[in-house]
**Student:** 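Dropping a structure here in structure tokens format, bear with me for questions.
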Amino acid sequence: MTRSLKLMLLTAIVALAFALSLAAGKQWLPLDGEAARAIMIELRLPRALLGLVLGAVLGLSGAVLQGYLRNPLADPAVVGVSSSAALGAVAAILYAGASSVILFAAAMTGAGGAMLLLVALTWRSASPVAFILAGTVLASLAGALTAFLISIAPDPYAIASVLDWMMGALTDRSLADAARAIPPMAVGAVLLLLTARSLDALTLGEDAARSLGVRLGRLQALVVLGTGLTVGAGVAVTGVVGFVGLVVPHLLRPVFGHRPSDLLLPSALGGAALLLVADSLCRLAPGASEVRLGVAMALIGAPFFLALLLRHRNRAWI
Amino acid sequence: MDLIFEGVAVSRGSRRVLEDIDAVLRRGRVTAIIGPNGAGKSTLLKAAVALLPATGVIRIGDQPVATMPSRQRAAAVGYLPQDATVHWNLRARDVVALGRLARRSAFAAPSHADDAAVEAALAATETTALADRPIADLSGGERARVLLARVLAGEPEWLLADEPLASLDPAHQIDILDQLRRVAAAGSGVAIVLHDIAQAARVADDVLVLKNGCIAAFGPASAVLTPAMLEPVFEVAFGTVDGVHPICIPIGRLGR
């Protein structure tokens, strides 16, 4: 099968998943009348749109980070941007009320702060190793600060909404939420796509990549800004949704090959499909409330990933 | 164009790794760079590709490499690092195609010229039959040839190779050296860091000997590769074996 045929197939799967996300729920569409229109436009459509773009940017940033760090275990969480965005959001929920505009602004501020710190910490070396160290430390710092904020929270009820938010969900997001999140995600996605060729060159190591004309500083700036904008905006509207960025490039590597640039677009499509399907399943799970998307992703993703590791444990490349 | 070093010095931290390097490496010839461990051989190559900051001037013709736009420099100088790691399991052909990156305009698909250069590089290194195999499945010798093909595919004016023979058996060493000779014969410049003095004698037109970051000797191979020149540098006693040219081989430590 040629690459374009595989891409078309993947696009068709995304379209089906999008349709499923519009139709699936405790009330299956199509329904008749006003109620159906309201459900469709105010509930299902923003949710499907957000699922589509969030899944796409998570898959894309996962593929870029794995290529950049030349490590199949990298995902957006290692950069520390998602934890820092979550820190901003939690601060907003606890101390500024949970209005979605303020929450979005606070989360983006957190993500922006993380990006600045990352650049400042790794500016002189422009080395992926420094990058992953700085990101990991940043992630644990943001995690610790979040826990600290929760433990000194003035209002115990707010803690419940923090925990709820941190689990990550697409439930009850509006078109306004989608409109806020999509522009930074789109800009970030473009920046991430610009890394393609440099990522290929990095396959040969840093020295060889530089000798091929790759400017590591520029590449790192693209990776930091691209991940920050996409993942930061994602966390700002949906909370922390993990595993997509880790699992999707893995799943697609045997299909599209190992060359990093060949995985970017497929990972975006695959991430979108996975997130849309997972979110639809969340709605269909029994019980009065919904399973949280972040929880569902971890519940599906973790065992799946372990199975993958078991199956491939004898290979040099996963 | 020749590769010219003028008053070049390189420091790492507070330590001077190279000092007072003045040399003109000629295009169309193979220059072997030899010297004991830590003499600055790899550093010299890295400085020539602008991977390390150097004082003084390193230029190709009249173009200083440090101020060339990175893509132009990448097209002019092909660098084969000592580290032969390929981080993802690409097909051999895709590894070779990476050598064309600097010659392709942004976002453009590979042109016919790119494809032709890749095929030519595969053919030159006799790796055409391996082209569709994943790099992880290749033996050390096959992989070394594919990585050399990667540099050749860029059609560089200068080819700088850092110990391309490490971990190869003699047959594959000779294959690689013959290939480098052909590259020089076709008009490119070739500079190789070598450990094996006998192989240097086999391949080199000129030999540059480094010791403690300075040039200990530089000239035609027949003049430099003599026991009298090499013994003080390596602190080893050399004997000569007659071949096509006499070959120096180490036979024991000096003064023991």
Side-chain angles (χ1 to χ4, degrees), chain A residues 3-4 63-74 124-129 190 193-219 222 249-250 252-254 256-265 312 314-318, chain B residues 42-43 45-46 48-52 65 68-91 93-110 132 134-137 143 146-147 150-151 153-154 156 158-162:
Chain A
R3 177 177 157 85
S4 42
V64 167
L65 283 165
Q66 291 184 8
Y68 177 60
L69 300 171
R70 286 159 283 154
N71 188 329
L73 294 177
R124 295 205 33 205
S125 74
S127 138
V129 177
V190 170
L193 286 171
L194 288 176
T195 63
R197 210 172 268 188
S198 305
L199 297 183
D200 286 351
L202 266 184
T203 301
L204 296 170
E206 285 166 49
D207 280 349
R210 286 175 63 198
S211 80
L212 284 167
V214 171
R215 282 170 291 162
L216 290 181
R218 170 184 175 272
L219 174 61
L222 287 175
H250 273 280
L252 295 173
R253 211 164 268 132
F256 286 89
H258 285 234
R259 184 160 55 187
S261 66
D262 285 347
L263 274 172
L264 300 189
L265 199 53
H312 293 291
N314 294 326
R315 291 207 197 153
W317 277 277
I318 296 161
Chain B
S42 298
T43 304
L45 283 199
K46 285 186 182 178
V49 204
L51 292 178
L52 290 174
V65 291
M68 275 188 200
S70 57
R71 284 169 60 99
Q72 188 193 336
R73 179 172 59 232
V77 188
Y79 171 62
L80 185 61
Q82 201 174 344
D83 175 14
T85 315
V86 179
H87 290 272
W88 299 106
N89 197 8
L90 269 55
R91 290 182 313 157
R93 182 191 305 279
D94 295 334
V95 172
V96 175
L98 292 176
R100 297 297 296 178
L101 282 182
R103 292 191 177 270
R104 283 166 52 190
S105 50
F107 305 110
D132 291 313
I135 191 91
D137 291 357
R143 178 192 290 234
V146 168
L147 289 172
R150 189 278 291 173
V151 184
W158 271 91
L159 194 164
L160 310 181
D162 197 350

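Here the structure is a predicted model, which is why all the values come from computation and not from measurement. So you know, we letter chains A, B, ... as the sequences are listed, proteins then strands, and number each from 1.
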**Student:** Of all residues at least two apart in sequence or in a different chain, which pass the side-chain hydrogen bond (donor to acceptor under 3.5 Å, both in side chains) check with B:Arg91?
**Tutor:** B:Asp94, B:Asp132
**Student:** B:Trp88 and A:Asn71: which non-hydrogen atoms are nearest, and at how many Å?
**Tutor:** CZ2-N, 3.9 Å
**Student:** Drop me the distance from A:Ser211's OG to B:Arg73's CZ, to the nearest 0.5 angstrom.
**Tutor:**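 Answer rounded to 0.5 Å: 9.5 Å.
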**Student:** So which part of B:Ala84 gets closer than 4.5 Å to some heavy atom of chain A, the side chain, the backbone, both or neither?
**Tutor:** neither
**Student:** To the closest 0.5 Å, what do you measure between NE2 (A:His258) and CG (B:Leu90)?
**Tutor:**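 Going from NE2 on A:His258 over to CG on B:Leu90, the span is 8.5 Å.
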**Student:** Looking only at heavy atoms, what is the nearest atom pair of B:Ala50 and A:Arg210, with distance?
**Tutor:** O-NH2, 3.5 Å
**Student:** Scan the side chains in residues 76-83 of chain B for donor-acceptor partners under 3.5 Å anywhere in the protein, sequence neighbours excluded, and list what turns up.
**Tutor:**
residue : atom : partner : partner atom : Å
B:Asp83 : OD1  : B:Thr85 : N            : 3.0
B:Asp83 : OD1  : B:Thr85 : OG1          : 2.4

**Student:** Hey, which of B:Leu147, B:Leu98, B:Val151, B:Val49 has the most heavy atom pairs under 4.5 Å with chain A?
**Tutor:** B:Leu98
**Student:** What part of B:Leu160 gets closer than 4.5 Å to chain A, counting heavy atoms only: side chain, backbone, both or neither?
**Tutor:**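 Contact with chain A: none, neither part.
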**Student:** With a 4.5 angstrom heavy-atom cut-off, is it the side chain or the backbone of B:Arg150 that approaches chain A, or both, or neither?
**Tutor:**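 Contact with chain A involves the side chain of B:Arg150 alone.
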**Student:** Examine distances only and state if a side-chain atom of A:Arg70 and a backbone atom of B:His87 form a donor-acceptor pair shorter than 3.5 Å.
**Tutor:** no
**Student:** Give, as side chain, backbone, both or neither, the part of A:Asp262 having an atom under 4.5 angstrom from any heavy atom of chain B.
**Tutor:**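 When you check distances to chain B, no heavy atom of A:Asp262 falls under 4.5 Å.
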**Student:** If you count heavy-atom pairs within less than 4.5 Å of chain A, which of B:Ser70, B:Ala75, B:Gly154, B:Ala102 leads?
**Tutor:** B:Ser70
**Student:** Below 4.5 Å, heavy atoms only, C-beta onward: do A:Leu204 and B:Val95 meet side chain to side chain?
**Tutor:**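 Yes, side chains in contact.
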**Student:** To the nearest 0.5 Å, tell me how far A:Leu212 CG sits from B:Leu101 CG.
**Tutor:** 5.5 Å
